[in-house]
2 protein chains.
Amino acid sequence: MFAIGKASQKSGVHIETIRYYEREGLVPKPDRSAAGRHLYTADEIAKLRFVKRCRDLGFPMSIIQTLLSLNDEQGRSCKEVKSMAEDQLVAINAKIESLERLRAALQSLSASCDEGTSSCPMLDSLMSEAPTVPL
Amino acid sequence: MFAIGKASQKSGVHIETIRYYEREGLVPKPDRSAAGRHLYTADEIAKLRFVKRCRDLGFPMSIIQTLLSLNDEQGRSCKEVKSMAEDQLVAINAKIESLERLRAALQSLSASCDEGTSSCPMLDSLMSEAPTVPL
DNA sequence: TTTTGCTCCTGTAGTCGCTACAAGAGCTAT
DNA sequence: ATAGCTCTTGTAGCGACTACAGGAGCAAAA
């Protein structure tokens, strides 16, 4: 049994964030010591670590909630998990593509921006009705 | 002179978002008609369009505020603008790389997840102390 | 002219995923 | 005993919106 500081260290989730997850019902509030402190079991810490990894993978909390319940459920969870992972992959790919388009636009605007000129081509383009760069 | 609905249409910024920008002081509140409605000039609409384009390029509001003031200032703004654009490019590249790492991790986890098995390798890996996939 | 239905106004609260702070109680090491 | 860390609850803030509620105004059809 570990206090919240240890649980935070072992899971990699900040103390404040653990409390936030508990408030939001993403993970259950653990039992307490006589003095009213939360005490975490190894299982509860594993759950926190799971949440952290999923967040790092870009899953929103609502999806993580579902994943946690699939995990508790045992059984034919794998198919659903895989499909959620694939949805997430699609979302990540979309984000990457949109950032790449953005980068191209910014690079082209930035390249037009030379040092000596009195007005700024980049600002002018962004202000104009028909921009020189597609977004 | 255009009412807020037209200004929204012409700039591509949602009405509520225009009001939000005005509340935050990013753009000035326009003059009013006799009946108390905001009336937007072409210039004010251009400013809104500028803010929209910058937001689409991923600039935060604080940077946009600086860009707007550089634009008003006239003069040797171009160099500073270019440097801000380059900072933004660095940030975008970092985001793209981190998303690509994420994608690799998710793909590898998802690939391990086959349909028939009773427990889910992906969930197991995410729950375990030493994960099979680097983040 | 009245009525219908759109637009506009202000103000407030909600979103997501935290993060920070305050004021107090408890626990541990010297 | 004391110093200094850790824990508790509660609340407010972040960025960039978005979504109401409740009311006023305005333009065009009947």
Chemist: Look at B:K47 together with B:D43 and state whether they make a salt bridge at an N to O cut-off of under 4.0 Å.
Modeler: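 The answer is no: the pair does not qualify as a salt bridge.
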
Chemist: Would you tell me if any nitrogen or oxygen in the side chain of A:H38 comes within less than 4.0 Å of OP1 or OP2 on D:dT8?
Modeler: yes

Chemist: Mind checking if A:Y21 touches a base, just sugar-phosphate, or nothing, with heavy atoms under 4.0 Å?
Modeler: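 The residue A:Y21 makes sugar-phosphate contact but no base contact.
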
Chemist: Please report the shortest heavy-atom distance between A:S128 and A:S125, naming the atom on each side.
Modeler: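 The pair with the smallest heavy-atom distance is OG-O, 3.0 Å.
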
Chemist: Rounding to a whole Å, what distance do you find between B:I15:CD1 and C:dC6:C1'?
Modeler: 11 Å

Chemist: Pick base, sugar-phosphate or nothing for B:R19, based on heavy-atom distances below 4.0 Å to the nucleic acid.
Modeler: base

Chemist: Taking only the side-chain nitrogens and oxygens of B:R37, find out if one of them lies under 4.0 Å from OP1 or OP2 of D:dG25.
Modeler: no

Chemist: Does A:R23 reach a base, just sugar-phosphate, or nothing at all? Heavy atoms under 4.0 Å.
Modeler: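 Touches a base.
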
Chemist: Please report, rounded to the nearest Å, how far the C1' atom of C:dC27 is from the CZ atom of A:F2.
Modeler: 18 Å

Chemist: Rounded to whole Å, please give me the gap between CG in B:L26 and C1' in D:dA16.
Modeler: 11 Å

Chemist: For residues B:Y40 and B:L26: do they belong to one hydrophobic cluster (side chain heavy atoms under 4.5 Å, members Ile, Leu, Val, Met, Phe, Trp, Tyr)?
Modeler: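 Shared cluster, yes.
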
Chemist: Atom NZ of A:K52 to atom C1' of C:dG17: distance rounded to whole Å?
Modeler: 13 Å

Chemist: Using OP1 and OP2 only, check whether a side-chain N or O of B:T17 sits under 4.0 Å from D:dT18.
Modeler: yes

